[in-house]
Amino acid sequence: MTDTSSTGQARGEATAPRRRALYRLMRYLPLVAPVLLWAVPCWVLLYTGQHWPLPATAGGTALFVLGLVAMPLGMARGHGRRQQDAAAILGDTLLGVSWVLFTWSVLLGVLLRPALAVVGVGDGQDRARTVAWAVLGVSAALLAWGYAEARRVPRVRRLDVRLPRLGAGLDGLRVVLVTDTHYGPLDRARWSAQVCETVNALDADLVCHTGDIADGTAERRRAQAAPLGTVRATHARVYVTGNHEYYSEAQGWVDLMDKLGWEPLRNRHLLLERGGDTLVVAGVDDVTAESSGLPGHRAHLAGALDGADPGLPVLLLAHQPAFVDRAAAAGVDLQLSGHTHGGQIWPFHYLVRLDQPALAGLSRHGARTVLYTSRGTGFWGPPFRVFAPSEITLLVLRSAN
C-alpha cells in the first residue's frame, strides 16, 4: 500500500501543474493524435530502408491512409449525435489497433534496430525488414490477446483492507466492487449475466457499482444492464454515477438502477449495521456532474455525510480517484473508485497517471483514508486490454482487533 500521509500537500501541489499540462495536451490531441498514430507506423514499416516491392509499399500506404480517415470518422459518427453502433465499433477498433502499432513501432524502431546493428545482423535493408516484421508480429499477438482479455469475464481480485475505526462486529464484511462496465456498441448482455453470476457466487454483504455503467442511454443499453437486477447482497446494492453517465442522460441511468433494486447514493448515505457496529456507506455524483447542467447533480461530500455520526467509519463511493483529496480532508476511511481502467492498453497508463493520483490497487492518503482503485470490469472504446486485466473486486474489511 502506498503511504502519502506525510506528503499530501506536496503531492497536491505537484499534481496541479501535471493536470494543467494534460489539459493543454488534450486541447490539441484530437487534431494531432490520429496523424501520429497512423503516420509513425506507416513510416517505420514502409519507409525506413525496407525497399519493399512497389505494390507492397503502395498498398500498405493506402491501408494507413484509409485507417487515418476511417478512425476519426467512425468515432465521430459512433459517439457523436448520430450514435451509430457499427461506426463506433469500427472507429474504436481502429483506435486500439493504431495505438498498439504506434507503440511498438516506436519501441522496436528505437531499441531493436540499433541492437541488430551492434551485433552485426544483416545490412540496413535486412535490419529494417526485421524490425517491420517484429512490429507486425508483436502487435498482432498483443491485439489478439488483448481482445480475449477484454471480452472475458473478469477474474476476481481478493484482498483484505484493515480499517482501524471499523468495529469488531463488522470484521470480515464482504464488499464486492464492480465498475466501468461500459455496456456499449458491442452487445454484451451474455457477458453481463456471467459477471452477475460471478458476483453472486462471492456471497457479498455489500455490492458497489462506482459508475460508467454504459456508453449510451439507459433506454438504448437496457438489455445489457438488465442482469444487474439479479445481483444479490445480504445488506445492500449501491451505485454512484460516473462521467460517462453524463454523456448519456444520467438521470435515466439513476432511475433504471433504482428500478433494478440498487440504491443510487446521490450525495447521501445509508447505514450498514452488523454485530452491534455500524458502517456509513456514502456516495457522491461524479465530479463532472455539475458541468452537465442536470438539476441537482453535483459532487457534494458534505451532503453525503450530513447527519452521519462523525465517530463512525465511512466507506465512500466516488467514481474518480481524484476525489480522494476531498475524502481525506473529510476523514473518510475507505474510498472505492474506478475510472482509470488501469490504463487499459499499455502504455496509456502513464497518461492516466498525469490526471489521477492512483492507477490501480490500494493507496493511502492523509492520516486515515485508504483508496482502492479498480481496473474496471469492462472496457471503454477499443475492445482490447493489454497489461491491464479487468477485475471484479472482493474486499474483506478487517477491524483493528
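Values reported hereafter were calculated over all heavy atoms of this structure, with side chains retained and with hydrogens, waters and symmetry mates removed. Computed from a predicted structure; not experimentally measured.
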- Message: Using only atom types and a distance under 3.5 Å, with no angle test, would you say the side chain of R221 pairs donor to acceptor with the backbone of D215?
- Response: yes
- Any Lys/Arg nitrogen of R155 or E149 sitting under 4.0 Å from an Asp/Glu carboxylate oxygen of the other? yes
- Item | Sub-4.5 Å side-chain heavy-atom contact between L177 and I392 | no
- Message: Does this structure show an ion pair linking R268 with D285, if we count only N-O contacts that are shorter than 4.0 Å?
- Response: no
- Pairs in or reaching into residues 55-100: which pass ring-ring contact (aromatic ring centres under 6.0 Å, His included), with residues at least two apart or in two chains? W99-F348
- Message: For residues 255-296, which residue pairs pass the ring-ring contact (aromatic ring centres under 6.0 Å, His included) check, not counting sequence neighbours?
- Response: none
- Query: Is there any side chain to side chain donor-acceptor pair (under 3.5 Å) pair reaching into residues 121-148, and which pairs are they, with sequence neighbours excluded?
  - Reply: Y147-R151
- State, without any angle test, whether T393 and E391 hold a side-chain donor-acceptor pair at a distance under 3.5 Å. yes
- For the side chain of R368 and the backbone of G331, is there at least one donor-acceptor N/O pair under 3.5 Å apart? yes
- Does atom CZ of R152 have more than 12 heavy-atom neighbours from other groups under 6.0 Å away? yes
- Sorted by chain and residue number, the side chain to side chain donor-acceptor pair (under 3.5 Å) partners of S98 (sequence neighbours excluded) come out as none
- Task: Kindly indicate whether the side chain of C208, heavy atoms from C-beta on, has any atom under 4.5 Å from the side chain of V175.
- Result: yes
- Which heavy atom of V195 sits nearest a heavy atom of P154, and at what distance? CG2-CD, 3.9 Å
- Query: Listed by chain and number, what are the salt bridge (Lys or Arg N to Asp or Glu O under 4.0 Å) partners of R222, not counting sequence neighbours?
  - Reply: none
- Message: I'd like to know if the side chain of Q194 reaches the main chain of V153, judged simply by a donor and an acceptor atom lying under 3.5 Å from each other, with no hydrogens or angles considered.
- Response: no
- Task: State, to 0.1 Å, how close F379 and R188 come at their nearest heavy-atom pair, and which atoms those are.
- Result: CE2-NH1, 3.6 Å
- Item | Donor-acceptor contact present, side-chain S192 to main-chain Q224, <3.5 Å | yes
- N/O donor-acceptor pair under 3.5 Å between E290 side chain and V287 backbone: no
- Applied to residues 284-328, the ring-ring contact (aromatic ring centres under 6.0 Å, His included) test, sequence neighbours excluded, yields Y246-H297, H319-H339
- Message: Using a 3.5 Å distance criterion without hydrogens, assess whether the side chain of D333 forms a donor-acceptor pair with backbone atoms of R165.
- Response: no
- Would you kindly say whether H209 and T181 are connected by a side-chain donor-acceptor distance under 3.5 Å? yes
- Query: Does the R274 side chain pair with the main chain of G169, one donor and one acceptor, at a distance under 3.5 Å?
  - Reply: yes
- Side-chain heavy-atom pair V370, S363 within 4.5 angstrom cut-off: no
- Query: With a 4.5 Å heavy-atom cut-off, do M75 and L95 have their side chains touching?
  - Reply: yes
- Minimum heavy-atom distance between T230 and C196, given as atom pair plus value: OG1-CB, 3.7 Å
- Flag for Q335-S337: side-chain donor and acceptor within less than 3.5 Å: yes
- Message: Measuring only between side-chain heavy atoms, which start at C-beta, is L362 closer than 4.5 Å to L371?
- Response: no
- Query: Do T210 and Y239 come within less than 4.5 Å of each other through their side chains, counting heavy atoms only?
  - Reply: no
- Nearest heavy-atom neighbours spanning A233 and D205: CB-O, 3.8 Å
- Message: Looking at every heavy atom in both P382 and Q344, which two are closest together, and how far apart are they?
- Response: O-NE2, 3.0 Å
- Message: Quick check for you: to the nearest 0.5 Å, what is the distance between D187 atom CG and D85 atom CG?
- Response: 9.5 Å
- Query: What do you reckon, is CD of E249 surrounded by more than 12 foreign heavy atoms closer than 6.0 Å?
  - Reply: no
- Expected output: side-chain T373 to main-chain A360 donor-acceptor under 3.5 Å: no
- Message: When you compare the side chain of I89 with that of L186, does any pair of heavy atoms fall below 4.5 Å?
- Response: yes
- Which class fits the ring pair W43 and Y47: parallel under 30°, tilted 30 to 60°, perpendicular over 60°? parallel
- R385 to G376 - nearest heavy-atom pair and separation: NH2-O, 3.7 Å
- Query: Between T241 and D286, is there a donor-acceptor pair closer than 3.5 Å when you use the side chain of the first and the backbone of the second?
  - Reply: yes
- Query: Any side-chain heavy atom of L206 sitting closer than 4.5 Å to one from V238?
  - Reply: yes
- Item | Donor-acceptor contact present, side-chain E245 to main-chain G242, <3.5 Å | yes
- Verdict with supporting geometry, S390 and T377, side-chain contact (heavy atoms from CB on, under 4.5 Å): CA-CA 5 Å; S390 56; T377 309; 5.7 Å; no
